[in-house]
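Right, one structure below, let's go through it.
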Amino acid sequence: MAALSDWFWDERFWLPHNVTWADLEDPAPGVEYPRAGHLLRALPLALGIFAVRIVFERFVAGPCAHILHIQAEVSRRAQPNAVLEKVFTSISKSPDSRQLDGLSKQLDWEVRKIQRWFRHRRNQDKPSTRTKFCESMWRFTFYLCIFTYGFCFLWQNPWMWDTRQCWYNYPFQVLTPGLYHYYVMELAFYWSLMFSQFTDIKRKDFLIMFVHHLATVSLISFSYANNMARVGSLVMCVHDASDFLLEAAKLANYAKYQRLCDFLFVVFGASFIGTRLIIYPFWILNSTMFESWEIVGPFTSWWVFNSLLLVLQVLHIIWSYLIVRIAFNALMRGKVSKDVRSDIESSSEEETETNQTRTASPKRENGTNGHFGSKPWTQNDDSW
């Protein structure tokens, strides 16, 4: 184990040339540098955030949903059937026409009845509009609070106004209480999102979001461990700037305030593109790639960190394209599309499934609950 630890924390990987871990172990009195052990404190805090979320959704978000007349839909449960349940859980949640014909012969049921069974069964696993409203209200509250805290904290620090300050005297940069709290709270929140995925109703993007949260936790931890926390705080603040707007637009949609939803989505799109296609590359990447090269010089973890930030920029471009496309489609249709991650399927979709082998499918209508439409705009661009 000791050999593995020595290999993982190899100074030649983590630190600039001619700097060792021993140089960082005994700072001057009253001075503290980031230590990897600090990150462990985020785990119990994550459990606390998870508990706060449960209380918040029940006693704050729930009553708000009630005031806005957002009720939990009572979906019809599929009648118990061992054969169809086995197909649903182990083969396909949406069987094709060949599978439907085989099941029809096996059970002596009409194809339409089997399609209806699978629709009801899928809806059993999907969260209601009320559940999604409470979840979005929690995220909106946290994102708004953490962005406000981060922005106010950075406003008072010199590296927000001069990014070269992120690299002067690196890695011997003092860890301030404000920077420590900002990092640990962000890290704890994403740990809590990972925990909650296993207790929430499972959605079809479960694996994608789990990998996203894991990548976010890894990047936050990586930048803290090698004391790139100053530039890391800038990255977090830039990403937090648009997240609460997305959740606000979803709240308006769930409450059926369509014009407000469309307006907030436009503001979110402008904020997302402005922060991630302009501020992020020309302010932050310019600092991590060029200013740091000039002041500190490259080293192994520097290359890894910048490679990950460049991958993140590629994702920003892809997400921005999707947002622009959805906004364009919204202008053409008159409203923003629904969130297809977990909406309740409409009966019109059932009719389409029934007739798809006989005629061209008609243009689908929006879901019965008015969630966002044909393409998801909830990429959960929650940060890195």
task: Return yes if a side-chain donor-acceptor contact under 3.5 Å exists between E85 and N81, otherwise no.
output: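 No donor-acceptor contact under 3.5 Å links the two side chains.
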
field: Donor-acceptor pair between S221 and S218 side chains, under 3.5 angstrom
entry: no

query: Do K132 and E135 pass the salt bridge (Lys or Arg N to Asp or Glu O under 4.0 Å) test, and can you show the C-alpha distance, the side-chain angles, and the key distance before you say yes or no?
result: CA-CA 5 Å; K132 291 188 290 184; E135 177 185 301; over 6 Å; no

Which label fits [X] and [Y]: parallel for a plane angle under 30°, tilted from 30 to 60°, or perpendicular past 60°?
X	Y	result
W319	H316	tilted
F222	W14	tilted
Y224	Y180	tilted
F189	F142	parallel

Check [X] against [Y] and note the closest heavy-atom contact, atom names and distance.
X	Y	value
Y33	V31	CE2-CG1, 4.0 Å
Q173	Y168	NE2-O, 3.0 Å
F198	M194	CD1-O, 3.2 Å

- prompt: Hey, do the aromatic rings of Y143 and F147 have their centres closer than 6.0 Å?
  reply: no

message: Looking only at the aromatic ring of each residue, does the gap between the centers of F50 and F195 stay below 6.0 angstrom?
response: no

- request: Compare all side-chain heavy atoms of E186 with those of D240 and state whether any distance is below 4.5 angstrom.
  value: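 In short, these two side chains touch, coming nearer than 4.5 Å.
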
Remaining members of the apolar cluster that contains I273, side-chain heavy atoms under 4.5 Å: L277, I317, V324

task: Run the numbers on D243 and R276 for salt bridge (Lys or Arg N to Asp or Glu O under 4.0 Å), then give the verdict.
output: CA-CA 12 Å; D243 288 341; R276 307 201 187 191; 3.3 Å; yes

